[in-house]
**Student:** 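Quick one: the structure is below, and I'll ask about it shortly.
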Protein chains: 2
Amino acid sequence: MALAIKVNEETFTPRQQAVLTAALDLLVENGDGLTMTAVARRASCSKETLYKWFGDRDGLLTATVQWQAAKVRMPFVDRSHLNVKALRVSLEQFARDLLTTIIGEVSITLNRTAITHAAQEKDSLGNIVLENGPLAIRRRLKPILEAARDARLLRFPSSEEAYRTFFGLVVRDVQIRLLLGDKGLTQSNVEANIEADVKTATDQFLALYGAKASA
Amino acid sequence: MALAIKVNEETFTPRQQAVLTAALDLLVENGDGLTMTAVARRASCSKETLYKWFGDRDGLLTATVQWQAAKVRMPFVDRSHLNVKALRVSLEQFARDLLTTIIGEVSITLNRTAITHAAQEKDSLGNIVLENGPLAIRRRLKPILEAARDARLLRFPSSEEAYRTFFGLVVRDVQIRLLLGDKGLTQSNVEANIEADVKTATDQFLALYGAKASA
DNA sequence: CTGGAACCGTACCGTACGGTACGCCAGCGA
DNA sequence: TCGCTGGCGTACCGTACGGTACGGTTCCAG
């Protein structure tokens, strides 16, 4: 029944979603020391069912990451009436969503899992995370930037450069340090500074690419 | 003979360094599918020797990462006569070193290994990479920034913020995408653009924090 | 020449885990 | 009530790998 293809559809039965939730919880708790036996026990299902539904361990992992990564959805921003004020709000919203996402335990776990996976010629998980992470942001942000440029609110040589600058200004070294387990960077610690960081990043971005200096 | 402590010293015999080189090569090739048997075979030594020298698998891994990470040394920049021109050269040098390091296969492997390790309550490797990576840059860059501020070349509220901005402007989303195995970002592809990226990042940094607009 | 230390190569052990087989029960249509 | 299907629980198998033991070789000191 095309088990390997099943993961491409986003439709999982509630029971299957319960299994995926259990898998994700174990992933967050125990790192990628995820064992089929542990998932089966946690989800109160049999290993045979796991293999029937997901094919093999990789299939389960892929389904879990896929299912969870797809949940990260950035809210759409209003693009109809663009002015300086609205643009700033939109950018701040992007920055806020990006920051809150990457400092979350789920995001850290997913990224770590995908990176571990990528360390062994398996790039499927990495692609999923990429597609739902940085590349999703890029797809969502670029139209805004280009609209703002057309409205003479921003000025940049290429929207690609502008996107990357924005990403860098927002993320800085936070993500890599969290992925590496920097204890000097607690989640709550970063969380408390989100608003300030959001404002700083937005200010800096507008200072670099804004058509007018922001008062 | 204090085997576990041996790794704290940076002194390895040539034979041991050959073993570490073999381990690193395997790490780069096969990801973290590093097995003691493989290292022994590659290094033409016995497993017993590996355990004698490094204690256990983790010890070997730690020694390898430690030894390799310590090799990443940023060249010191001249801080005696600081002017706008010299500052720009220094910043560009930092950016260039940072970028070339990050996109290297060794760096990618080390970061992946440390992140994988960090995914299992083991943060030792993460700390080593952190200490020799982002934090080393910070330690090295901050004095320059502060000297430049004292010389009225830069203006910023805190050197911490300035460092993080610089890091973000230089690294952007390159590192995370490489770690995740983004195939749309080949090493040679990035390499070709290093100089342009270095200049862009430095320009942006100076635009944000420079005391005068750079002509 | 001899004893010992260091080390290579390899066989071996124990365990953990991916994957499979099987017994059992619940629900359900006939 | 009977039989079938789906799924739970568990026992089981094969393998890979961390770690150990041991025989053989080289080299050096005395």
Side-chain angles (χ1 to χ4, degrees), chain A residues 1-7 11-27 29-65 113 116-117 119-122 124-125, chain B residues 1-4 6-7 9 11-27 29-65 113 116-117 119-122 124-125:
Chain A
M1 286 237 217
L3 298 171
I5 298 169
K6 185 68 165 291
V7 297
T11 57
F12 293 108
T13 69
R15 186 74 183 94
Q16 287 173 332
Q17 293 189 24
V19 170
L20 295 180
T21 302
L24 184 71
D25 288 349
L26 282 175
L27 222 49
E29 292 173 21
N30 303 345
D32 79 347
L34 182 73
T35 69
M36 301 300 276
T37 306
V39 174
R41 189 153 36 215
R42 175 71 66 104
S44 290
C45 72
S46 72
K47 285 170 65 175
E48 193 166 15
T49 303
L50 291 184
Y51 285 100
K52 189 176 179 184
W53 285 348
F54 304 104
D56 57 1
R57 186 178 180 276
D58 244 40
L60 173 60
L61 219 52
T62 303
T64 304
V65 171
T113 305
T116 299
H117 217 69
Q120 296 142 349
E121 74 252 26
K122 306 280 291 178
S124 56
L125 291 191
Chain B
M1 286 191 213
L3 299 170
K6 185 68 166 290
V7 297
E9 315 169 2
T11 56
F12 293 107
T13 70
R15 186 73 184 94
Q16 286 172 332
Q17 293 189 25
V19 170
L20 295 180
T21 302
L24 184 71
D25 289 349
L26 282 175
L27 222 48
E29 292 172 20
N30 303 343
D32 77 347
L34 182 74
T35 69
M36 301 300 276
T37 305
V39 174
R41 189 153 39 215
R42 175 72 66 103
S44 290
C45 73
S46 73
K47 284 171 66 176
E48 193 166 16
T49 303
L50 292 185
Y51 285 100
K52 189 175 178 183
W53 284 348
F54 304 104
D56 57 2
R57 185 178 181 277
D58 244 39
L60 173 59
L61 220 50
T62 303
T64 305
V65 172
T113 305
T116 299
H117 217 68
Q120 296 143 349
E121 75 255 25
K122 305 280 291 177
S124 57
L125 291 190

**Student:** Measure the CZ-OG1 distance between A/Phe54 and A/Thr62 for me, rounded to the nearest 0.5 Å.
**Tutor:**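 If we round to the nearest 0.5 Å, A/Phe54:CZ and A/Thr62:OG1 are 10.5 Å apart.
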
**Student:** Is B/Arg41 touching bases, backbone alone, or none of the nucleic acid, heavy atoms closer than 4.0 Å?
**Tutor:**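 Nothing, no nucleic acid heavy atom in range.
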
**Student:** How many whole angstroms separate atom CG of B/Asp32 from atom P of D/dA16?
**Tutor:**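 From B/Asp32 CG to D/dA16 P: 17 Å.
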
**Student:** Counting only side-chain heavy atoms from C-beta out, which of D/dC17, D/dC8, C/dC8 sits nearest to B/Thr35?
**Tutor:**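 The closest nucleotide is D/dC17.
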
**Student:** Choose from D/dC8, C/dG18, C/dA6 the nucleotide whose nearest atom is closest to any side-chain atom of A/Thr49.
**Tutor:**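 Nearest to the side chain of A/Thr49 among the choices is D/dC8.
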
**Student:** Using whole Å, what does the distance between atom P of nucleotide C/dT20 and atom CZ of A/Phe54 come to?
**Tutor:**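 One finds 16 Å between P of C/dT20 and CZ of A/Phe54, rounded.
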
**Student:** Can you tell me how far the CG atom of A/Leu34 sits from the CG atom of A/Leu60, to the nearest 0.5 Å?
**Tutor:**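 CG of A/Leu60 is found 6.0 Å from CG of A/Leu34.
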
**Student:** B/Leu26 CG to D/dG18 P: how many Å, rounded?
**Tutor:**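 In whole Å, D/dG18 P lies 12 Å from B/Leu26 CG.
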
**Student:** Within this structure, what is the CD-to-C1' distance between B/Gln120 and C/dA16, rounded to whole angstrom?
**Tutor:**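 After rounding, the reported distance stands at 14 Å.
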
**Student:** On DNA chain C, does the nearest nucleotide to A/Asp56 precede the nearest nucleotide to B/Ser44 from the 5' side, or the other way round? Give the residue.
**Tutor:**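 The 5'-side residue here is B/Ser44.
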
**Student:** The side chain of A/Lys52 is closest to which nucleotide in this list: C/dC7, D/dG7, C/dC8?
**Tutor:**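 My answer, after comparing the listed nucleotides, is D/dG7.
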
**Student:** Please report, rounded to the nearest Å, how far the C1' atom of C/dG14 is from the NZ atom of B/Lys47.
**Tutor:**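 Spelled out: NZ on B/Lys47 to C1' on C/dG14 is 12 Å.
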
**Student:** For B/Leu50 and D/dC17, give me the distance from atom CG to atom P, rounded to whole Å.
**Tutor:**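 My rounded result for the distance is 15 Å.
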
**Student:** From the set D/dG18, D/dC8, C/dC8, return the single nucleotide nearest to any side-chain atom of B/Cys45.
**Tutor:**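 So the nucleotide nearest the side chain must be C/dC8.
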
**Student:** Measure the CZ-CG distance between A/Arg42 and A/Leu24 for me, rounded to the nearest 0.5 Å.
**Tutor:**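 Interatomic distance, A/Arg42 CZ to A/Leu24 CG, rounded to 0.5 Å: 10.5 Å.
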
**Student:** Report yes if at least one side-chain N or O of A/Arg57 is closer than 4.0 Å to OP1 or OP2 of C/dA16; otherwise report no.
**Tutor:**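 No.
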
**Student:** Could you state the atom-to-atom distance from CD of A/Glu48 to P of C/dC25 in whole Å?
**Tutor:**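 That distance rounds to 17 Å.
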
**Student:** Ignoring backbone atoms, establish whether B/Trp53 has a side-chain N or O less than 4.0 Å from OP1 or OP2 of C/dA6.
**Tutor:**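 Indeed not, no polar side-chain atom of B/Trp53 lies that close.
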
**Student:** CE of B/Met36 to CD of B/Glu48: how many Å apart, nearest 0.5 Å?
**Tutor:**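 The distance works out to 12.0 Å.
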
**Student:** Kindly compute the distance separating CZ (A/Arg41) from OG1 (A/Thr37), expressed to the nearest 0.5 Å.
**Tutor:**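 Taking CZ in A/Arg41 and OG1 in A/Thr37, the distance rounds to 6.5 Å.
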
**Student:** So which nucleotide from C/dG9, D/dT20, D/dG9 ends up closest to the side chain of B/Tyr51?
**Tutor:**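 Nearest nucleotide to the side chain: D/dT20.
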
**Student:** In whole angstrom, what separates B/Met36's CE from C/dG9's P?
**Tutor:**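 In whole Å, C/dG9 P and B/Met36 CE are 15 Å from each other.
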
**Student:** B/Leu34 near the nucleic acid: base, sugar-phosphate alone, or nothing, with a heavy-atom cut-off under 4.0 Å?
**Tutor:**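 Answer is sugar-phosphate: B/Leu34 comes under 4.0 Å of backbone atoms only.
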
